[in-house]
Amino acid sequence: MDFMKLQGKKVLIFGVANRKSVAFHIAETLVSLGAEPIFSVLSDEHAAFCAKRFPNADIHLCDLSQESDIETLAEKMNGDSLNGIVHSVAFASFADGAKPFHNTGREEFLQSMDISCYSLIAIARHFTKALTADSSIVTISISTTKMAAQNYGYMAPVKAALDSVVCFLAKSLGGPEGTRVNAVGASLLKTSSSAGIPGYVAPYLFAEKATIRKKGLRTQEVADVAAFLLSPKSSGINAQTVVVDAGMSVNYFDDEIVGATVDAK
Ligand code: NAD
């Protein structure tokens, strides 16, 4: 039974790099639901990976920091109608390791804002014509942008801007039969981009303990919510960041964590 009503739906997916990518899990989930992914990736290596895993899919190259690349991609795909777009893309240069937040450089901050946030606006603009009635755009944000994790640095303010962009795009692309725009606000996962965050292992292991269920978030759980947001089954959800964190955000006072931190005997 096609409960999710995604059979035959075309979804353009930005952000597959490898088998750990959130975007890869979303693509696999969509295929399992009968949808047809189209890929836009950053490099030949990523394209080769997609070609191997999804031999029937169209695959394009696009550097989202280049307006002309996005424009060219939209022109190339002119005529293709899209039922959905997935934006699962982020970039932050952690080349200098974790720094005090106030030492964030202008260039690195703006580059991250450009690729991780502005790119969604550019994609929406260039693909407006391709999007069908009642289509859906989904981006991947983070579960909280107000937790000042020192190692994550400026990426959180960039994601806060992305969450706001979701609201404004939902309004400007919306209306009767318009396009819905939502984000999945995911907590800590094991992917290659998270592996590049300085000192990620300890916070990741802590996050496992901080979920209510005491088990880390799985990338598939994020992909499932993304698929739901692409599906007409979520038609009542618009302009939201749907938090997927296995309850971590309400669990600061977990007995085990408090007990391991404070000796109140
Ligand atoms: P990933 O490295 O697999 O995916 C990031 C993608 O961004 C890659 O495919 C990369 O090629 C692409 N990208 C970077 N710069 C680009 C550019 N200029 N043009 C086009 N593409 C570009 O890592 P991921 O964890 O799957 O990340 C996907 C999304 O999930 C990101 O938005 C990330 O912030 C978000 N997220 C990840 C976690 C986590 O713990 N890994 C948690 C919450 C949210």
Side-chain angles (χ1 to χ4, degrees), residues 12-29 39-50 53 59-70 72-73 85-94 108 110-120 122-123 126 137-145 147 149 151-163 165-166 183-201 203-208 211 216-223 225-226 241-246 248-249:
L12 174 59
I13 301 179
F14 292 90
V16 176
N18 52 50
R19 66 183 176 80
K20 291 187 177 164
S21 297
V22 173
F24 172 65
H25 285 76
I26 296 172
E28 282 210 314
T29 307
F39 295 95
S40 172
V41 294
L42 182 59
S43 70
D44 289 330
E45 192 194 333
H46 300 167
F49 171 77
C50 288
R53 302 303 284 254
I59 301 160
H60 304 275
L61 287 178
C62 175
D63 179 345
L64 289 170
S65 67
Q66 305 300 315
E67 190 75 22
S68 57
D69 272 24
I70 306 172
T72 307
L73 175 63
I85 294 179
V86 172
H87 173 269
S88 182
V89 169
F91 179 81
S93 168
F94 290 116
E108 56 190 338
L110 294 180
Q111 183 189 26
S112 180
M113 189 63 105
D114 182 26
I115 295 171
S116 318
C117 177
Y118 180 77
S119 62
L120 183 62
I123 289 167
H126 289 291
I137 296 178
V138 175
T139 186
I140 310 298
S141 187
I142 57 176
S143 55
T144 166
T145 57
M147 180 64 63
N151 64 327
Y152 198 53
Y154 56 89
M155 201 65 222
V158 168
K159 291 292 193 184
L162 180 69
D163 289 348
V165 162
V166 161
V184 183
S187 61
L188 289 76
L189 300 167
K190 276 191 226 166
T191 70
S192 32
S193 66
S194 53
I197 299 170
Y200 187 75
V201 176
Y204 175 80
L205 295 173
F206 176 78
E208 281 186 334
T211 61
L217 189 67
R218 288 180 294 110
T219 308
Q220 186 57 48
E221 293 173 309
V222 177
V225 177
T241 295
V242 178
V243 171
V244 181
D245 71 351
M248 187 170 76
S249 61

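Positions are given from 1 along the sequence. Whatever order the structure lists them in is the order used to number ligands and atoms, beginning at 1.
Backbone and side-chain nitrogen or oxygen atoms of S21 are examined, and one is located within less than 3.5 angstrom of a nitrogen or oxygen of ligand 1. Of the polar atoms of L189, at least one N or O is found under 3.5 Å from an N or O of ligand 1, judged by distance alone. For the pair K20 and ligand 1, the shortest N or O to N or O distance does not fall below 3.5 Å. Of the polar atoms of L64, at least one N or O is found under 3.5 Å from an N or O of ligand 1, judged by distance alone. Residue contacts with ligand 1: V22 is placed with a nitrogen or oxygen under 3.5 Å of a nitrogen or oxygen of the ligand (distance criterion only). Polar contact check, V89 against ligand 1: a nitrogen or oxygen pair lies under 3.5 Å apart.
Heavy atoms of S187 found under 4.0 angstrom from ligand 1 belong exclusively to the backbone. Counting heavy atoms under 4.0 Å from ligand 1, residue F39 does not touch it at all. Residue contacts with ligand 1 for H46 involve side-chain atoms from C-beta outward but no N, CA, C or O (heavy atoms, distance under 4.0 Å). With a 4.0 Å heavy-atom cut-off, ligand 1 is reached by the backbone of S141 but not by any atom from C-beta on. Within the 4.0 Å heavy-atom criterion, the part of V16 lying near ligand 1 is the backbone and not the side chain.
Listed by number with element, the atoms of ligand 1 under 4.0 angstrom from any heavy atom of Y200 are 40 (O). The atoms of ligand 1 that sit less than 4.0 Å from any heavy atom of G15 are 4 (O), 6 (C), 8 (C), 9 (O). Proximity to L188 (heavy-atom distance under 4.0 Å) selects the following atoms of ligand 1: 40 (O). The distance from ligand 1 to the heavy atoms of I142 drops below 4.0 Å at these ligand atoms: 43 (C), 44 (C).
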Would E67 and H126 count as a side-chain contact (heavy atoms from CB on, under 4.5 Å) here? Give the steps. CA-CA 10 Å; E67 190 75 22; H126 289 291; 2.7 Å; yes
Could you walk me through whether L73 and F14 pass side-chain contact (heavy atoms from CB on, under 4.5 Å), step by step? CA-CA 12 Å; L73 175 63; F14 292 90; 3.8 Å; yes
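With hydrogens and angles ignored, the 3.5 Å screen pairs a side-chain donor or acceptor of S194 with a backbone N or O of L189. Looking only at distances, a side-chain donor or acceptor of T139 sits under 3.5 Å from a matching main-chain atom of H87. With hydrogens and angles ignored, the 3.5 Å screen pairs a side-chain donor or acceptor of N151 with a backbone N or O of P198. Within the 3.5 Å criterion, the main-chain N or O of S143 finds no donor-acceptor partner in the side chain of D245. Remark: the backbone N or O of S21 is paired with a side-chain donor or acceptor of N18 at under 3.5 angstrom. Of the possible donor and acceptor atoms, none in the side chain of S112 sits under 3.5 Å from a partner among the backbone N and O of E108. In this structure a side-chain-to-backbone donor-acceptor pair under 3.5 Å is missing from S65 to I115.
Between I26 and V86, the shortest heavy-atom contact is CD1-CG1, 3.8 Å.
Note: I197 CD1 to T191 OG1 = 7.5 Å, rounded to the nearest 0.5 Å. From L162, atom CG reaches atom OG1 of T241 across 7.5 Å, with rounding to the nearest 0.5 Å.
A donor-acceptor pair shorter than 3.5 Å can be found between the side chains of Q220 and T29. S141 and D163 are linked by a side-chain donor-acceptor pair at a separation below 3.5 angstrom, with hydrogens and angles left out of the test.
Residue contact check for ligand 1: S143 places no non-hydrogen atom closer than 4.0 Å to it. Residue contact check for ligand 1: H87 places no non-hydrogen atom closer than 4.0 Å to it. For F49, the heavy-atom gap to ligand 1 stays at 4.0 angstrom or more. Residue C62 places a heavy atom under 4.0 Å from ligand 1.
When the heavy-atom distances from atom 32 (O) of ligand 1 to Q111, K159, M155 are ranked, the shortest goes to K159.
In terms of protein heavy-atom proximity, atom 18 (N) of ligand 1 is closest to D63 OD1, 2.9 Å. For atom 14 (C) of ligand 1, the nearest non-hydrogen atom of the protein is A90 O, 3.5 Å. When only non-hydrogen protein atoms are considered, atom 15 (N) of ligand 1 lies nearest to I115 CG2, 3.5 Å. Among all protein heavy atoms, the one lying closest to atom 2 (O) of ligand 1 is S193 CB, 3.3 Å. Scanning the protein for heavy atoms near atom 43 (C) of ligand 1, the closest one is A186 O, 3.2 Å. Closest protein heavy atom to atom 30 (O) of ligand 1: I140 CG2, 3.3 Å. Among all protein heavy atoms, the one lying closest to atom 25 (O) of ligand 1 is T191 OG1, 2.5 Å. What sits closest to atom 5 (C) of ligand 1 on the protein, heavy atoms only, is S88 O, 3.9 Å.
Taking the six-membered ring for Trp, F24 and F49 have ring centres closer than 6.0 Å.
Judged as a salt bridge (Lys or Arg N to Asp or Glu O under 4.0 Å), and not counting sequence neighbours, E28 has no contacts.
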